[in-house]
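Take a look at the structure below.
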Amino acid sequence: MNYATQEQEHWFNKNLKPHETILRKWLNYRYNIASEIDDIIQDSYRKVLSARNLNVIQSPKAYLFATARNLVLMRLRHMKVENICYLEENAFSSILDTSEVVTETVLRNERLEILKDAINSLPKKCKQIVILRKLNGMSQKAISFKLGISESTVEAQAVIAIKKMAIYFRAHDEK
């Protein structure tokens with residue numbers, strides 16, 4: 001091994017390698033790309049080492065993270081372009097298909113309309129609780145805090161809402 005290779009390996013082990021664990025966690029948390037992290041990190045190392053041969057890198061850690069981020073963004077843009085091309089190629093086939101998909105969409109839209117009407121038929125508090133709980137995903141505790149009522153009241157109002165909606169659905173089915 002020659003001096004240049006040894007020196008580069010020493011620089012790599014001192015300035016880049018210690019940040020690999022945190023870089024992996026950061027990439028996975030920020031971009032959720034677990035399947036590509038190894039490739040991104042290896043490409044980042046290669047690019048940083050190549051850049052180091054051309055000029056002095058003042059902050060190797062920052063340069064490594066910026067390089068990894070840029071590689072991820074390039075891959076995401078590339079994937080987006082591939083998806084758009086695929087969609088353009090297949091656009092007409094999905095438009096012309098009038099089989100069960102259209103029927104299912106119409107039925108789903110009708111059901112959503114009935115659900116909307118059922119929710120709108122509820123008393124004000126019940127309606128607020130159903131919307132906050134089922135549509136916004138808030139917890140019972142968060143709803144009680146937001147509306148300034150006890151958790152038991154939230155629970156009781158939710159039960160009332162369910163019963164009233166069940167009655168509404170039954171009446172609608174009988175029509």
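Between Q128 atom CD and Q157 atom CD the span is 9.5 Å, to the nearest 0.5 Å. Taking NZ of K127 as the reference point, atom CG of N120 lies at 4.0 Å (rounded to 0.5 Å). With rounding to the nearest 0.5 Å, the separation of NZ in K47 from CG in L71 is 6.0 Å. If you take CD1 on I149 and NZ on K125, they are separated by 5.5 Å, rounding to the nearest 0.5 Å. Atom OH of Y31 sits about 6.0 Å away from atom CZ of R69, to the nearest 0.5 Å. Atom-to-atom distance recorded for E155:CD and Q140:CD is 5.0 Å, nearest 0.5 angstrom.
Not counting sequence neighbours, the partners of S121 by the side-chain contact (heavy atoms from CB on, under 4.5 Å) test are Y168.
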Open item on the list: Before you tell me yes or no, could you show the steps for E7 and R52 under salt bridge (Lys or Arg N to Asp or Glu O under 4.0 Å), namely the whole-Å CA-CA distance, both residues' side-chain angles and the distance that decides it to 0.1 Å?
Closed with: CA-CA 12 Å; E7 192 275 329; R52 181 177 174 265; 2.6 Å; yes

Open item on the list: Apply side-chain contact (heavy atoms from CB on, under 4.5 Å) to residues R75 and D39 and explain how you reach the verdict.
Closed with: CA-CA 11 Å; R75 286 185 187 209; D39 292 339; 3.7 Å; yes

- [ ] For the pair Y45 and E20, evaluate side-chain hydrogen bond (donor to acceptor under 3.5 Å, both in side chains) and give the outcome as yes or no after the intermediate values.
- [x] CA-CA 10 Å; Y45 286 156; E20 182 175 341; 3.1 Å; yes

Open item on the list: Assess the residue pair K61 and N15 against the criterion (side-chain hydrogen bond (donor to acceptor under 3.5 Å, both in side chains)); give the C-alpha distance rounded to whole Å, side-chain angles, the decisive distance to 0.1 Å, and a yes or no.
Closed with: CA-CA 7 Å; K61 179 183 178 185; N15 294 294; over 6 Å; no

Task: Steps toward side-chain contact (heavy atoms from CB on, under 4.5 Å) verdict (L16, V48) - done: CA-CA 9 Å; L16 299 181; V48 171; 3.8 Å; yes

Task: Candidate pair T67 and R46, rule side-chain contact (heavy atoms from CB on, under 4.5 Å), full reasoning - done: CA-CA 10 Å; T67 302; R46 185 181 47 75; over 6 Å; no

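The closest side-chain heavy-atom distance from E151 to I143 is not below 4.5 Å.
In terms of heavy atoms, S44 sits closest to L64 at CB-CD1, 3.8 Å. Here the closest non-hydrogen pair linking R133 and S139 is NH1-CA, 3.3 Å. Of all heavy-atom pairs spanning P123 and K164, the tightest one is CD-CD, 3.8 Å. Residues W11 and P60 approach most closely at CZ2-CG, 3.7 Å, considering heavy atoms. Across L27 and A68, no two heavy atoms sit closer than the pair CD2-CB, 4.1 Å. Across every non-hydrogen atom of I160 and C126, the tightest pair is CG2-SG, 3.7 Å.
No more than 12 heavy atoms of other residues, nucleotides or ligands shown are found within 6.0 angstrom of CD1 on I22.
I40 and L49 fall within a single hydrophobic cluster, where Ile, Leu, Val, Met, Phe, Trp and Tyr side chains are chained together by heavy-atom contacts under 4.5 Å. A continuous path of ILVMFWY side-chain contacts below 4.5 Å connects I131 to F169, so both sit in one hydrophobic cluster. Linking Ile, Leu, Val, Met, Phe, Trp and Tyr residues whenever their side-chain heavy atoms come within less than 4.5 Å places L23 and M74 in a single cluster. The cluster map of Ile, Leu, Val, Met, Phe, Trp and Tyr, joined by side-chain heavy atoms under 4.5 Å apart, puts I167 and V159 in different clusters. Under the 4.5 Å side-chain heavy-atom criterion for ILVMFWY residues, no single connected hydrophobic cluster contains both I129 and M165.
Taking the six-membered ring where tryptophan is involved, the planes of W26 and F65 are tilted, since the angle between them lies from 30° to 60°.
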